[in-house]
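Start at 1 with the first residue, then count along the sequence.
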Amino acid sequence: MSRQEILDQVLNMVAMAYKKEVSELSETTSFKTDLNGASVQMVALVSEIENELDVALMLADVSACETISDLIDLIEEEM
């Protein structure tokens, strides 16, 4: 799976978890400043990523990601 394919899927999952439009999101979107970093939404996002992309992620590792790009890097490492 290419980085672009992962990005497209993750952007859709982030949009659903944080109730945003995909067009509002990019790799530079910050979980803390742009999405207000709510932990409940992060838990839902991690669960969705694990189910859709068949990867195992630690919530602490995902929570440490500042941007969506950081999250993509983490997912690529785990695939």
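For the residue pair Ser69 / Thr67, no side-chain donor-acceptor distance below 3.5 Å is found, with atom types taken as modelled.
Leu35 has its side chain within reach of Leu25: a pair of non-hydrogen atoms, C-beta onward, lies under 4.5 Å apart. Within the 4.5 Å cutoff, the side chain of Leu74 has no heavy atoms near those of the Asp70 side chain.
Using modelled atom types, no side-chain atom of Asp8 and backbone atom of Glu5 make a donor-acceptor pair closer than 3.5 Å.
Following chains of ILVMFWY side-chain contacts shorter than 4.5 Å, one cannot reach Leu71 starting from Met16, and the two form parts of different hydrophobic clusters.
The stretch residues 12-39 participates, sequence neighbours left out, in these salt bridge (charged side-chain N to carboxylate O under 4.0 Å, His left out) pairs: Arg3-Glu27.
When all heavy atoms of Ile72 and Leu7 are compared, the pair lying nearest together is CD1-CA, 3.8 Å.
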For residues 37-65, which side-chain N or O atoms pair as donor and acceptor with protein atoms under 3.5 Å away, sequence neighbours left out?
unit_1, atom_1, unit_2, atom_2, d
Glu50, OE2, Leu57, N, 2.8
Asn51, ND2, Ser47, O, 3.2
Ser63, OG, Leu59, O, 2.9

